[in-house]
Number of protein chains: 4
Amino acid sequence: MNFCSDNATGASPQVLEALVRANGGYAMPYGADPLTLGIEDRIRDLFETDAAIYLVATGTAANALSLASMTQPWGAVFCHPKSHIEVDECGAPEFFTGGAKLIHLDDVDGKVTTQGLKDAERHIHDISVHQVQPSAISLTQATEAGTVYSLDELQQITGFAHEYGLTVHMDGARFSNALVRLGCSPAEATWKSGVDIMSFGGSKNGCMAAEAVIIFNDCLAKGFEYRRKRAGHLFSKMRFISAQFDAYLQDEHWLGNARHANAMAQQLTDGLRTIAGATFQTPVEANELFVELPEKVIRGLFADGFQFYRWDNPEHGRIIRLVTAFNTNPDHVAAFVESAKHYAG
Amino acid sequence: MNFCSDNATGASPQVLEALVRANGGYAMPYGADPLTLGIEDRIRDLFETDAAIYLVATGTAANALSLASMTQPWGAVFCHPKSHIEVDECGAPEFFTGGAKLIHLDDVDGKVTTQGLKDAERHIHDISVHQVQPSAISLTQATEAGTVYSLDELQQITGFAHEYGLTVHMDGARFSNALVRLGCSPAEATWKSGVDIMSFGGSKNGCMAAEAVIIFNDCLAKGFEYRRKRAGHLFSKMRFISAQFDAYLQDEHWLGNARHANAMAQQLTDGLRTIAGATFQTPVEANELFVELPEKVIRGLFADGFQFYRWDNPEHGRIIRLVTAFNTNPDHVAAFVESAKHYAG
Amino acid sequence: MNFCSDNATGASPQVLEALVRANGGYAMPYGADPLTLGIEDRIRDLFETDAAIYLVATGTAANALSLASMTQPWGAVFCHPKSHIEVDECGAPEFFTGGAKLIHLDDVDGKVTTQGLKDAERHIHDISVHQVQPSAISLTQATEAGTVYSLDELQQITGFAHEYGLTVHMDGARFSNALVRLGCSPAEATWKSGVDIMSFGGSKNGCMAAEAVIIFNDCLAKGFEYRRKRAGHLFSKMRFISAQFDAYLQDEHWLGNARHANAMAQQLTDGLRTIAGATFQTPVEANELFVELPEKVIRGLFADGFQFYRWDNPEHGRIIRLVTAFNTNPDHVAAFVESAKHYAG
Amino acid sequence: MNFCSDNATGASPQVLEALVRANGGYAMPYGADPLTLGIEDRIRDLFETDAAIYLVATGTAANALSLASMTQPWGAVFCHPKSHIEVDECGAPEFFTGGAKLIHLDDVDGKVTTQGLKDAERHIHDISVHQVQPSAISLTQATEAGTVYSLDELQQITGFAHEYGLTVHMDGARFSNALVRLGCSPAEATWKSGVDIMSFGGSKNGCMAAEAVIIFNDCLAKGFEYRRKRAGHLFSKMRFISAQFDAYLQDEHWLGNARHANAMAQQLTDGLRTIAGATFQTPVEANELFVELPEKVIRGLFADGFQFYRWDNPEHGRIIRLVTAFNTNPDHVAAFVESAKHYAG
C-alpha cells in the first residue's frame, strides 16, 4: 500500500507485452527500426502537427535535452522554484545547456503567477552584456503541487513568453494526468496554447522507462539528435523504447491510466476531507495530494503499513504527500481513508 | 540473416522473463529496490572484489561516465584511433569530462602497441602547463577489430599506465566475448591485471539495455552517483535495468551467450577461409570478422539477402564486417558460407 | 565629475610607472619572470601565510576560477542574491565550474544573515543524489551594498561553512576598502577569520587590470594553473600584470588609495545627509553610497553634469548609486554636495 | 641575447606611450569608451570591410572564443597536429566550445596539405549521428613552422571548406609577419581569400597584451559578446587594451615591427646557412627558424650566453628554434652567427 510516488509502480501489462512482441528477430539499431519510425508518426497524428519527436528513457534526459535546445550557455530559463528541473535533477539542466541559469519566478500552488511574469519582465528589462540572457520559460503540467494550469493560464504565460522572444518548455512528466483533467485535445493543451517543446512522460504512467521529447517549434529541433547521442541517450535497441510508447498510445491506454490515477486521488481527497484537522495545501487536480494531518493520524497510518512521505520535513513534518498511479488499488485507497479516520478518532 | 551488428538483435528470452518477474508490486525508485541492491552484490562476488557498481542503460553512458571519473577537464585520455569513445559517441567523452582530450596511440589489430606506449611516454615527458595533462588510458576488450588482448598484453599496458600515474579504463562492451576467449576469471581479466574501471556490457550480448560500470579503484568512485543522476542516467524504475543483469548473470547466461557468438564467428571464419581471395584483416578472436572478399562474392551475398556492412567504404569497399551474436542461427552461418562459396565460383 | 563606478577611473601614476619600468629587456614568459615570482612572495608576506597566488587580469576571471576550484559541476555555491557572481558575470561561475548552481541566501545590507545561514542549513539537510551538493559560500567584502562585514560576522559565516564542510570564497574586488574600514591586518580579515580563497582586487583601486587569487586553503590549489591557462587567463607577458601589483603593494599604495576613496565616500555622505528627503539605503562603510533623493535633486545633478546611475530603475528610479575611487577629487565631491543642496532648495 | 620567443620581449615604446596617454580622466567601462569605439572602426577600415571586432588580451582567448563561435559542442574543427590550439592551449578550445573535437589533418611545413583536405573530405563523407560533425578548419598564418601560406594555398583550403559548409578560422598570432611576407593587403590575406574569422595578434609584435578577434562572416558574431564576458575576457578598463591597438596600427607600426622581425630572421638564416651541418627544417618565411645544428655548435652558443630552445627534445635535441621579434638587435643576430661559426670550426 504505497503512496510514495508514481515511479514506485512497475509497468502496465500492456507495456510489458509490447516489449515481448518487439523482441522478435533482427531490427536495425539506433532508431532505424520500423517500430520507432512508426511511433514518431503516431505521436504526430495524436498531436495533429508535424513535430519532431525524440524518444529517451528518463524524464531528466527529456527535460535537460529540451532546455539545451532552447538556450545558449549564457542564457537563462525562468521556472518555478520547486520545479523538477530546479530541485530534482542534480543540475542536469546546467550540465546539458553548458551552464545556463535557472531563475525562479514567484509561484502559487506550483504555478507561475502573474506576479511571476512581472518579475520576469523586470528581469528582462534590466539585462545587458553582464547578465545571462533570458531565453525560455519552463512550466510543469500537471504541476509539482498536484495542480493543473487551465488553458487560459497557460496561454497567458506563453503569450508573455513569445512577446519577449522566449520559448516555452512544458515538463509533461504528468501531462496525461493534466490532459484528463483539462478534457481538451493534446494539441489544444500544448502547441495550440503556445507550448514550443514538451517532455511527454510515459514512465510515471505505465511505461517502464520511456519519454518523448515533442518539438512543436521546429527552430528548436536543430542538433537535437546529436545532443541525444552525445549524452548517451540514443539507445542501440531503440525498438524497446518505442514498443513502450506503442502500447502506451494504443486504445488510449495512456489516458485510461491517467484517468484512473486521478480518480484515485479524488477518492483519497474525498475521504480525507472529512477528517478534523486535515488541511489541503493545494487543490487536488491530478494524481497528487498535499495535505496536513494531525501527527497521531500520520503515525497511525505508518503503523498500519502505509507508505508515503512527510513532505515539508522528512522527520516530523505534518504535511504529507500522497501519489496515486495507473494501478493504484481502490481498496488500498479505501483502507487508507479508513485508517486515517480511525486514528483521527 | 543479419550480420550487421550484435545490437541488431533483441533480448534473450531469459532477460525478458526477468523483466516480467520484476514487474510485480511496488519498489522504491532510483535504485533503492532489492533487485538493484542484490545485483550490485552479485557483480562484486563475480569479480571477487569490493567494487563500486553503477548500472546504466547504454554503453556510451557507461564509457563517458567512467572517463569523466578518471580525468579533469584539462586532462587527456590515451586511446586507439578507432575506439568507440573516439569515433562512435559523437563526442560524449568530451561532453561528460568537461572537455578533456582524447589522444591517439598507435595501434595494430585494434590494440594499443608497445610503440603506442612509447609515444605516450614521450607525450608525458613533454607536457607543461600549456598542455592537457595525461590522466588515463582507455582500452577496448574485445577490441573493435575483433581481437582480444592477452593478459600479458593487458598487464604491459596497465603497468605502464600506473608507472606514469594514469588510470586504466576498459571498454568492455564485448567483455563477455573476450573473457570466453581468454578462459580466465573475470577478476584476472580486469583488476588483477590492473584495470581500474570497466564498462561491463550487457546490451550487445542478450540484454535489452543494460551496462554496469564497475569501479575497481575506489578513488574513482567519488561523485559517480551525482554524475549519473545529472546526466539523466539514473532510472526511476531502476529495477528494470537490474532485472536484466539478474538474468544475464544467472547460471552463466552471459558466458553461454558469448560462447555461442564466438563459436559462430569461428564457424564463419572456417567457412570463408577456403574462399579464393578472402583475406582476413585481423585474427578472429571474438565475435567479429573483418574480411576482404571479391566484389562478386559481396554482391552475391547481398543478392541472396544477407545483411552486413562494407566496412572500409560504405559504397564499394571490399572489406566487410560480420558480427555474430548470442542468438545467431548456425544455419544462417552455414547458408552464408555456402552462398559465398557459390559466388566465389 | 564621474561617480558611476570605480572602474571608470584610469590607473594610478605609480602603477603606470611600474609598467614602464617592467618593460626593459627580455623576460621569460608565462610567469617565469622575476617580477612575477617576486610578487607572489610579496603577497604571501603581506598575508603572513604560505598561500598559493595566481594573478589574472579581471575580477570575473578571479571569481570564476576560484569558484571552479571549490565545487564540482554538481555542486552548489551559496551566495547573496545581488552578488557580482550571480548578477554581473553573465554566468561565468556556471561556465568555469561546469554548471554548478548558485543558491541565494537571504541578505540584509548586502550581507548574508543569520537567517540566511539557517536557510542554507535546511538546504543541506534536505539533499540526496537528486540535488546539487552544497560545496561553498561566497561572500563579498566590501559588499555590493557598500557595507563591510565585521570580523565577528565573517567568522560566524565561515564557522558555519566549515562545520558543514563548505569552503569560503571572498570576492575581494573592494577588499582594500573593507580592510581600511576594519583596521585589522590582511591576515585577520581573511584566513585567520576562516576565508579559504580570495579574489584580491587591484583593478578598481588603482591598477589597470590586475587581480590576485589567493588560495589560503591549499586543498583548493590543485589544478588551478591548468584552469587559468585553459581559460586564456595565463598571460604570456605576465610581468605586466605583476608590475601592477608591485606598485600596488609598494609603500601601502593600495591602502592609501582605498583610504582616500572611503574618505571621499564619507565626505559625500556627510554632505548629503543634511538634505531633506535624502534616505540612505545602507550604512556607508566603504566607497559606495546608495541614497534615495528627491527627483528634482537628481535631475539637477544630472543637469549640472554629474555622472552617476539611478540604481533601482535606470529611467526613473530615485535611489542613486555613487562610487568614489582612489583618485576622486575632493572638489568634485564638494561640488556635488553643493549642487544637491542647491536643488533640494 | 634571447631568441626563445617573441613573447619574451616587452612592449614597444609607442605602445607604452599610448597606455600613458589613455590614462587621463574618466572613461566609461567595458568598452563604452571612445578609444575602444574608435579602434573598432580603425580595424574595419584597415581590413576594408564591415567586420565585427572584439578585443581581448590573450591569444588563447582569441582563438578559443573564435572557435566557440564556429562549432557546436558536438562539432569538429580540422587543424594541423602542431597547431597552437591543439598543443599549446591546455584544451582551451574544448573548454570554450563545450567539448568539440579537434581533428588532425596531414601537414607539411606546418601547413595543411592537399592530402590533408582529402582526409577531411573522407571524414566528412563518413559521418552519421554517431560522429562529431565537422564544422570548421583552423589555419595558422604565419604557421608554427615559420612558413607562410601563399594566397593560392589559402584559397584552396578556404574553397574546400566552404564547399563542405565549414567555416575558416585563421590563428593570426603572427599575421603581421605573414602579411609582410605576402606583400598584399590585409583584406586580400583574409576575407578576400575566404577567411571567416581571425585572431589578429598584437602581443607577439609589440603590444603588451592585446589581440583582436575580427569576424568577417557576420553569422559567426552572434553571442560573441556574451561568450567574452562570461569567460572573464571583457575588461572593465577596456581603454587600456584599445590604446595598445591604437598605437599598434598608427603609422603602420605593426607592419614596421613585423618587417624588422622578419628581416632579422633572414639575417640569421643567411648567416647560419653557411655552417657545415646546418639543416633548415622548413623554409624561413616569417620570424622563426627551425634548424638542425651540430651539438658542439649548440653547446657553444649556450656557453656564450645565447638563449633559445632545443625544439625536438629539451635535453639533447639538435634541432633548435630561433625566434626574432620587433626589437631584436641586429648586433645580437650578428653575434649569434659569429658564435655559431666559431664553434662550427
Side-chain angles (χ1 to χ4, degrees), chain A residues 1-2 4-13 15-17 19-20 22-30 33 56-65 88-92 94-96 98 203-204 207-209 225-241 307 325, chain B residues 1-2 4-13 15-17 19-20 22-30 33 56-65 88-92 94-96 98 203-204 207-209 225-241 307 325:
Chain A
M1 294 182 300
N2 187 307
C4 285
S5 175
D6 33 13
N7 58 30
T9 66
S12 77
V15 165
L16 270 183
E17 283 156 21
L19 286 178
V20 174
N23 195 39
Y26 286 92
M28 292 310 282
Y30 298 113
D33 63 285
V56 294
T58 69
T60 294
N63 284 340
L65 286 166
D88 284 312
E89 301 186 350
C90 197
E94 288 85 351
F95 177 43
F96 282 73
S203 307
K204 288 182 191 295
C207 289
M208 199 172 79
E225 60 180 333
Y226 305 113
R227 289 191 195 277
R228 180 176 60 170
K229 169 68 194 180
R230 173 181 184 71
H233 286 290
L234 177 60
F235 281 61
S236 56
K237 300 183 177 175
M238 184 63 99
R239 55 170 141 170
F240 293 112
I241 310 286
Q307 291 178 284
Chain B
M1 294 182 296
N2 187 308
C4 284
S5 175
D6 33 14
N7 59 29
T9 66
S12 76
V15 164
L16 270 184
E17 282 156 22
L19 287 177
V20 175
N23 195 39
Y26 285 93
M28 292 310 280
Y30 298 113
D33 62 286
V56 295
T58 70
T60 294
N63 284 340
L65 286 167
D88 284 312
E89 300 186 350
C90 197
E94 287 86 350
F95 177 42
F96 282 73
S203 306
K204 287 181 191 295
C207 289
M208 200 171 79
E225 61 180 330
Y226 305 114
R227 289 191 195 279
R228 180 175 60 170
K229 169 68 193 181
R230 174 179 182 72
H233 286 290
L234 176 61
F235 280 61
S236 56
K237 300 183 176 175
M238 183 63 98
R239 55 172 142 170
F240 292 113
I241 310 286
Q307 289 179 285

Q: Would a distance-only check, ignoring hydrogens and angles, find a side-chain to backbone donor-acceptor pair under 3.5 Å from B:K237 to B:N23?
A: no

Q: Test side chain to side chain contact (heavy atoms under 4.5 Å, CB included) on B:F96 and B:N63; report intermediate values, then the result.
A: CA-CA 10 Å; B:F96 282 73; B:N63 284 340; over 6 Å; no

Q: Could you look at A:Y26 and say if it's the side chain, the backbone, both or neither that has a heavy atom under 4.5 Å from chain B?
A: both

Q: Between B:S236, B:A325, B:A61, who has the most heavy-atom pairs with chain A when the cutoff is under 4.5 Å?
A: B:S236

Q: Tell me which of these, A:S12, A:A57, A:A62, A:A231, has more heavy-atom pairs under 4.5 Å with chain B than the rest.
A: A:A231

Q: Between B:A11, B:S203, B:A22, which has the largest tally of heavy atom pairs under 4.5 Å with chain A?
A: B:A11

Q: I'd like to know which of A:P13, A:G232, A:C4 tops the heavy-atom pair count under 4.5 Å against chain B.
A: A:G232

Q: Would you mind telling me which of B:H233, B:K204, B:E94 has the largest number of heavy-atom pairs within less than 4.5 Å of chain A?
A: B:H233

Q: Hey, what do you get for CD (A:E225) to SG (B:C90), rounding to the nearest 0.5 Å?
A: 8.5 Å

Q: Name the region of A:A64, side chain, backbone, both or neither, that has any atom closer than 4.5 Å to a heavy atom of chain B.
A: neither

Q: Select, from B:M1, B:R239, B:R227, B:E17, the one with the greatest count of heavy-atom pairs under 4.5 Å involving chain A.
A: B:R239

Q: Supply the atom-to-atom distance A:F240 CZ to B:L19 CG, rounded to the nearest 0.5 angstrom.
A: 9.0 Å

Q: Specify whether B:F95 and A:F95 have parallel, tilted or perpendicular ring planes, treating 30° as the upper limit for parallel and 60° as the lower limit for perpendicular.
A: parallel

Q: Please flag which part of A:L234 lies under 4.5 Å from any non-hydrogen atom of chain B: side chain, backbone, both or neither.
A: backbone

Q: Tell me, side chain or backbone of A:L16 under 4.5 Å from chain B's heavy atoms, or both, or neither?
A: side chain

Q: Can you tell which of A:M28, A:E89, A:M208 has the highest number of heavy-atom pairs within less than 4.5 Å of chain B?
A: A:M208

Q: Can you check side chain to side chain contact (heavy atoms under 4.5 Å, CB included) on A:K229 and A:Y226, steps first, answer last?
A: CA-CA 5 Å; A:K229 169 68 194 180; A:Y226 305 113; 5.7 Å; no

Q: Only pairs of heavy atoms separated by less than 4.5 Å count here; which of A:T58, A:T60, A:N2 has the most with chain B?
A: A:N2

